[in-house]
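Proteins come first, then strands; the chains are lettered A, B, ... in the order of their sequence lines, and each starts at number 1.
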Amino acid sequence: MKRLAAYFAGAALLAGMLAAPAWSGAEPDYQQVHDGRYQAILGDCMGCHTQPGGRAFAGGAALETGFGAIFAPNITPDAATGIGGWSEEQFRRAVKQGVSPGGKRLYPAMPYPSYAKMSDEDVANLYAYMQSVEPVQRRSTPSRLRFPYNIRALMIVWNWLYFQPGPRKLDASKTAEWNRGADIVIGPGHCGTCHTPKTFLGADTSAALTGASLDGWFAPDITANARRGVGGWSVAELVAYLKTGHNSHSMASGPMAEAISYSTSKMDDSDLKAIAVYLKHVPASSAAAGSALAADDPHMRAGAEIYQDNCAACHGMDGKGENAIFPPLAGNPIVGQTSAETLARVVLAGTQSADTKGAPTQPAMPSFAWRLNDAQLADVLSYVRGNWGGGGPVSAGTVAQLRRDLRPNRR
Amino acid sequence: MLDNRPLKMCRRRFLASVAALPALTGGAFAHTMPHSLPWSPFAGDPPKPINPLGWYFLTPSEVITVEAIVDRLIPADHLSPGGKDAGCAVFIDRQLAGSFGKSSHLYNKGPFLPGLPTQGYQGELTPSGRYRIGLKALEDHVRAANAGKSFAELTGEQQDAILSGLEEGKITLKLAPGFSTRQFFELLLQNTMEGFFADPLYGGNKDMASWKMIGFPGARYDYRDYVEKYNQPYPHGPVSIMSGAPGWNVKG
């Protein structure tokens with residue numbers, strides 16, 4: 001017995017010695033890996049490149065774009081299926097120019113137009129970190145884009161039209177904090193990838209950060225607009241939201257909950273404050289979110305009854321919710337967006353708030369798809385928007401379409 | 001019993017404990033719980049509403065008898081519709097066709113021993129079996145005592161007299177061993193009340209008639225705004241689980 005134990009001990013030690021070098025590759029510089037890890041947090045690489053419940057960086061779930069489904073590939077240092085064979089220069093070209101080794105063009109779902117603003121040093125650190133993570137052998141899922149978007153060479157034209165490489169110019173009239181915030185938001189943070197409206201070819205319009213539809217969610221306005229954006233939030237409230245996913249105005253869900261869990265909740269407090277300071281200075285959006293129905297409109301009356309019977313128990317007849325458990329609707333930016341997509345989706349499918357160290361409870365909203373028909377759901381949303389968002393009414397057709405989009409396999 | 005011998009470190013023991021280290025620490029990583037709580041979109045387990053059409057268990061003649069019975073147990077008056085119009089017979093039919101009728105939620109094998117009166121029916125018949133036997137025995141009794149007329153063909157007073165007779169033990173039907181006439185009556189009465197007061201999605205309580213009658217607000221769960229408004233009636237009408245309230249729909 002003792003001999004057996006000794007044998008296993010020897011075998012385990014030997015295996016440990018053999019396994020360790022295979023993991024870490026060539027001598028990594030600790031500081032580089034450490035800094036690179038922070039770049040991966042700023043860039044939220046995890047958000048797209050990891051499947052829910054899957055191995056870190058081994059490839060992501062489908063991202064449904066207007067052009068078809070895109071799957072973020074395996075970016076672990078596995079030589080055969082990941083980026084283990086890439087040189088630092090090849091990595092930099094992919095991250096900052098959207099060209100992978102062999103000349104294959106990446107789609108801007110990989111936010112290289114934003115990452116192009118990163119310094120070469122930051123990207124070199126990121127490379128060192130990515131080469132240090134656990135390699136996973138897993139073939140990436142090919143993207144499924146419709147013709148003609150599936151022709152990658154077209155991205156050469158796209159880049160010529162829209163791609164603006166080079167670092168962001170320092171604005172000397174602003175504080176160092178503002179400039180740091182701008183660097184993160186415009187660069188690795190790539191906030192505009194979701195929050196900036198796109199042209200018909202998927203490039204950013206000039207209406208930066210005014211809110212956009214993506215993957216069945218409406219990424220809200222995050223300009224200084226006091227009603228729909230973050231203009232009504234203090235810097236501290238905005239930092240709390242990015243750090244914990246929750247504040248007294250709203251709770252993060254959907255893709256933002258992921259971005260917060262993987263990325264912003266792990267950023268340094270000073271960087272979160274810089275982001276908040278910058279966002280509060282982004283020129284406020286001006287597009288109207290439509291006008292509310294009159295209070296005595298039949299749809300508002302029906303909506304009021306539905307709200308009283310289904311929503312008020314948690315969110316209150318006054319729409320104020322309960323602190324830290326039930327988000328308020330009054331003053332919640334999600335309610336007043338130009339599109340009711342997120343609001344409707346949350347009521348239809350339910351949702352769960354972000355998972356962070358600072359707020360691990362993750363309050364969840366139940367699905368009402370089984371209880372409210374399209375007309376009833378539209379009326380209650382019109383009531384909520386009319387009462388507390390200043391947004392225009394929602395039609396039953398919009399809800400019906402969303403219901404079909406979210407559950408295409410049900411009649 | 002503690003072993004008081006000093007623990008001596010020898011080469012073998014050292015190697016064994018070093019070997020155990022990766023196994024132990026590795027185990028700790030493997031058992032780390034993921035942060036996120038389980039959740040999935042569209043989660044929910046709503047009850048399945050009954051199909052309002054047709055009959056699933058009762059035969060046509062049984063339907064006529066049951067409808068007549070529920071209409072005497074809950075007669076139509078100025079307070080509410082009768083048991084038949086409220087859908088009590090539909091409710092009973094769907095329950096007998098489902099898990100209640102089959103006793104699928106109960107232990108239903110022998111030995112079958114006589115129980116105490118407080119324990120209710122202890123025999124081998126499922127509720128659907130008791131209805132089948134009970135309704136036939138009732139019809140046989142009524143036809144024999146009323147020159148061939150069925151229960152439904154009698155006047156209201158005659159029907160009431162028969163139902164009272166079942167309840168008070170004045171009438172003894174030919175049922176199965178261990179299944180008393182009183183137990184049959186109590187089963188009918190119990191299920192009729194359930195049909196009258198249960199959520200409309202199960203077939204009875206049409207248009208929430210019974211809830212309106214007694215002022216029950218239905219499937220609501222928050223009364224904070226009213227809990228301190230003493231001696232004032234609650235202002236909102238009832239809500240059902242699946243079909244909500246009439247005010248949820250814009251007319252036209």
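Heavy-atom pairs under 4.5 Å with chain B peak, among A:Ala349, A:Ala302, A:Gly316, at A:Ala349. Of the residues considered (A:Glu305, A:Arg301, A:Gln352), A:Gln352 shows the highest number of contacts with chain B, using heavy-atom pairs under 4.5 Å.
With hydrogens and angles disregarded, no donor-acceptor distance shorter than 3.5 Å links the side chain of B:Ser40 to the backbone of B:Ala43. Of the possible polar contacts, one joining the B:Asp93 side chain to the B:Tyr56 backbone as a donor-acceptor pair under 3.5 Å is found.
For the pair B:Arg132 and B:Phe57, the distance from NZ or CZ to the six-membered ring centre is under 6.0 Å and the angle to the ring normal is within 45 degrees.
Contacts between A:Ala354 and chain B at a heavy-atom distance below 4.5 Å are absent for every atom of the residue. With a 4.5 angstrom heavy-atom cutoff, A:Pro366 does not touch chain B via any of its atoms. Of the two parts of A:Ala369, only the side chain, counted from C-beta on, holds a non-hydrogen atom closer than 4.5 Å to a non-hydrogen atom of chain B. Residue A:Ser261 does not touch chain B at all, counting heavy-atom pairs closer than 4.5 Å. For A:Asp379, the part sitting under 4.5 Å from any heavy atom of chain B is the side chain, from C-beta outward, and nothing else. Heavy atoms closer than 4.5 Å to chain B are found in the side chain of A:Asn373, but not in its backbone. Proximity to chain A is absent for every atom of B:Pro238, based on heavy atoms less than 4.5 angstrom apart.
Looking only at side-chain heavy atoms (C-beta outward), A:His315 and A:Tyr307 come within less than 4.5 Å of each other. Residues A:Cys194 and A:Trp217 are not in side-chain contact: their nearest non-hydrogen atoms beyond the backbone lie 4.5 Å or more apart.
Under the ring pair (Phe, Tyr, Trp, His ring centres under 6.0 Å) test applied with B:Tyr234, the options B:Phe216, B:Tyr223, B:Trp211 reduce to a single match, B:Tyr223.
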Verdict with supporting geometry, B:Ile133 and B:Phe184, side-chain contact (heavy atoms from CB on, under 4.5 Å): CA-CA 10 Å; B:Ile133 289 175; B:Phe184 176 53; over 6 Å; no
